[in-house]
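Reading through the structure tokens given below for one structure.
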Amino acid sequence: MADGSVPAMRIWSTQLHEHVGERVVLRGWMLNHRALSKVDFVILRDGRGVCQVVVNDDATRAAVAQWHDETVFEVEGTPKESRQAPGGVELVDPVFREIARSPEPPPVNLRVPEPREQLPYLLDHAAVSLRHPRRRAVFRLGAASLAGMRAVLDADGFVEIQTPKIVASATETGANVFRIDYFGRPGYLAQSPQFYKQMMVGVFERVYEIGPVFRAEPHDTVRHLAEYVSLDVELGFIEDHFDVMRVVRRVVAGMVDGMRERAARELALLDLALPEVPDEIPHVHFRDAQELIERETGERGVVGEPDLAPAHERWLGEWARREHGSDFLFVVGYPMAKRPFYTHPDPDRPEFSNSFDLVYRGLELVTGGQRLHRYEDYVRVLTDAGQDLEPYESYLEAFRFGMPPHGGFAIGWERWLARLVEAQNIRETTLFPRDVNRLRP
RNA sequence: GGUCCUGUGGUGCAGUUUGGAGUGCACGCCGCCCUGUCAAGGCGGAGGCCGCGGGUUCAAAUCCCGUCAGGACCGCCA
């Protein structure tokens, strides 16, 4: 209360307007300090936002003048509406208490609207650079995306699971694995929860996992990481991959809703427009897409290629926007030749698969499809590929004892964020990226 | 794995083509000034082995060789 008889309570900077005229306490970091001849402005940043503190008292002004940016302090004061204040409310009549003093100016200039340092420098000083309101806003959007995903899947009866990241054998073909010393035996860091989430369909029918995966690929590009967060979903009792695609649509829409509901402030700060997720995302068959590209662009030799080049995905993204008014497009029916062994073929056209990619603004964002579910099919495809069945024994046990038709998909979380905020480099949407050259911080 | 680009005060850049004194801009820092700033503004100041090693030259940030660090593209992938 204003008479001081009740201890002031701590509020967030974002709640300032709810407490006009009351005596309140804020805690946070000094983001900026502007000293004029008769008045000082201290900008406080807390976990959620920023707040301007007006300092008129000369002794107090001299005290805060000693602080470097990022000094942690507590301030008791009175929120007051003012047309001159950023956001319309500011804290007046402040009493400061220093909590942890910063010994020198921070290595990153956090005052500017957008950090100007180069990305490697920002990453080297991530502990500080992530404090920048725009930098951290990206990751609050990421958290809101995950909350939206969980809300949709939990409501649909999916169970969130956690599977091991230390595994006995490499699972996926292609990607290189990180080998580790596991109590004297060889172990590997998991490239994907694929096998485990399939096995768990036999337990819960519908599962999802949000967790890290590891790829020891030597490639060093703006869209690859050695460790990234994979949003994995798998469900049983499906007709075909179109059932899976309907879940993809709901999950993506839920992620967008999550951001709209939980991170409106960050969306405004970053001046972002969320994508519209259509009630039904348009889809095109892989072969039809190739023929379309040849017909519309005049390019030859596209039909028959086993995969779409990045340039073709970009073209299809533009086509979907033009033709269907959609940022999203499913490409279905990729050739079996390019898909992993557990992929279910198209019963009518066995050279094509019941799989799909979701192209978002011209970039491959989601890969998924229907899986094989009969034990005999797994034995056959692995044998045909010349593979020893022994390493797959515990995985195959799930299929020996009854698995329903099932399928699923995976979304790269950092890549989703990167496309959303239009980042140039996926490292901008990774807190502490791991790549060929970077193991710390 | 292949190709290309960049290393200049704490930070971000000019300067290198055509060798001539560490020259310049912006941010940050220090000091002074300024009745309400919004990345505040004004004036002044400090701060450099021009990544490192070697070579050419009367003379190298600049040219050559090597090396280290960082970045981009391609293949593959999410």
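As a basis for the values below, the full set of heavy atoms in this structure was taken, side chains included, without hydrogen atoms, waters or symmetry mates. Here is how names work: the chains are called A, B, and so on, in the same order as the sequence lines, proteins then strands, and each is numbered from 1.
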Short N-O contact, [X] and [Y], less than 4.0 angstrom:
X	Y	answer
A/Glu76	A/Arg23	yes
A/Glu428	A/Arg135	no
A/Glu70	A/Arg45	yes
A/Asp435	A/Arg223	no
A/Arg101	A/Glu98	yes
A/Asp156	A/Arg250	yes
A/Asp93	A/Lys80	no

Open item on the list: Under 3.5 Å, is there any donor-acceptor pair linking the side chain of A/Glu90 to the base of B/rG36?
Closed with: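 Check passes, donor-acceptor contact within cut-off.
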Task: Side-chain donor/acceptor contact of A/Gln52 with base of B/rU37 under 3.5 Å - done: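 Yes.
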TODO: Please list, by residue number, the residues of residues 407-428 of chain A whose heavy atoms come closer than 4.0 Å to an atom of RNA chain B; answer none if no residue qualifies.
DONE: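 Those residues whose heavy atoms fall under 4.0 Å from RNA chain B, taken from residues 407-428 of chain A in numerical order, are A/Arg415, A/Asn425.
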TODO: Specify the residues of residues 263-272 of chain A, ordered by number, for which at least one heavy atom lies under 4.0 angstrom from an atom of RNA chain B.
DONE: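 Within this stretch, nothing sits under 4.0 Å of the strand.
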Taking the side chain of [X] as its heavy atoms from C-beta onward, which of [options] lies nearest to it?
X	options	answer
A/Val39	B/rG70, B/rG36, B/rA72	B/rG36
A/Arg111	B/rC29, B/rU37, B/rC73	B/rC29
A/Arg223	B/rG36, B/rC74, B/rU11	B/rC74
A/Val54	B/rA78, B/rG36, B/rG12	B/rG36
A/Ser82	B/rG28, B/rG36, B/rG71	B/rG36
A/His68	B/rC76, B/rA72, B/rC29	B/rC29
A/Gln84	B/rG28, B/rC73, B/rG36	B/rG36
A/Ser37	B/rU37, B/rC34, B/rA78	B/rC34

Expressed as a whole number of angstroms, how long is the span from [X]:[atom1] to [N]:[atom2]?
X	N	atom1	atom2	result
A/Asp124	B/rU11	CG	C1'	13 Å
A/Glu313	B/rA78	CD	P	10 Å
A/Leu308	B/rA78	CG	P	13 Å
A/Ile43	B/rG36	CD1	C1'	11 Å
A/Leu122	B/rG10	CG	P	17 Å
A/Leu36	B/rG36	CG	P	5 Å
A/Tyr121	B/rU8	OH	P	13 Å
A/Arg61	B/rC32	CZ	P	13 Å

Open item on the list: Need to verify one output field. Residue with the more 5' nearest nucleotide on RNA chain B, A/His224 or A/Asp435?
Closed with: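 Nearest-nucleotide comparison on RNA chain B picks A/Asp435.
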- [ ] Specify the residue among A/Val222 and A/Thr367 whose closest nucleotide of RNA chain B lies further upstream toward the 5′ end.
- [x]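 Its nucleotide being nearer the 5' end, the pick is A/Val222.
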Please state whether the rings of [X] and [Y] are parallel, tilted or perpendicular, taking 30° and 60° as the class boundaries.
X	Y	result
A/Phe328	A/Tyr360	parallel
A/Phe356	A/Phe409	tilted
A/Phe286	A/Tyr334	tilted

TODO: Give a yes-or-no answer on whether the side chains of A/Thr78 and A/Glu22 include a donor-acceptor pair shorter than 3.5 Å.
DONE: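 No, A/Glu22 and A/Thr78 have no side-chain donor paired with an acceptor closer than 3.5 Å.
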Open item on the list: When you compare the side chains of A/Asp40 and A/His33, does any donor N or O come within less than 3.5 Å of an acceptor on the partner?
Closed with: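 Per modelled atom types, A/Asp40 and A/His33 side chains form a pair under 3.5 Å.
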TODO: Answer yes or no: are there more than 12 heavy-atom neighbours, outside A/Arg349 itself, under 6.0 Å from its atom CZ?
DONE: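 Atom CZ in A/Arg349 is crowded, with more than 12 foreign heavy atoms closer than 6.0 Å.
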- [ ] Check whether the aromatic ring of A/Tyr228 stacks on the base of B/rA78, taking stacking as ring centres less than 5.5 Å apart and planes within 30° of each other.
- [x]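 Per 5.5 Å and 30° rule: yes, stacked.
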Task: Step-by-step salt bridge (charged side-chain N to carboxylate O under 4.0 Å, His left out) determination, A/Glu160 to A/Arg150 - done: CA-CA 8 Å; A/Glu160 181 167 4; A/Arg150 287 191 168 104; 2.8 Å; yes
Determine the Euclidean distance between corresponding [atom1] atoms of [M] and [N]; express it in Å to zero decimal places.
N	M	atom1	value
B/rU8	B/rG22	C1'	9 Å
B/rG9	B/rU56	C1'	29 Å
B/rA14	B/rC63	P	15 Å
B/rC52	B/rG12	C1'	23 Å
B/rC64	B/rU17	P	9 Å
B/rG47	B/rG10	C1'	9 Å
B/rC34	B/rG42	P	16 Å
B/rG48	B/rG1	P	40 Å

Does [X] reach a base, just sugar-phosphate, or nothing at all? Heavy atoms under 4.0 Å.
X	answer
A/Pro120	sugar-phosphate
A/Leu365	sugar-phosphate
A/Val366	sugar-phosphate
A/Pro113	base

Task: Ring centers of A/His373, A/Tyr378 separated by less than 6.0 Å - done: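 Ring-ring flag for A/His373/A/Tyr378: false, centres at least 6.0 Å apart.
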Open item on the list: Can you give me the dot-bracket string for RNA chain B, 5' to 3', counting Watson-Crick and G-U wobble pairs with both distances under 3.5 Å, using [ ] for crossing pairs and | for partners on another strand?
Closed with: (((((((..(((((.....[..))))).(((((.......))))).....(((((..]....))))))))))))....
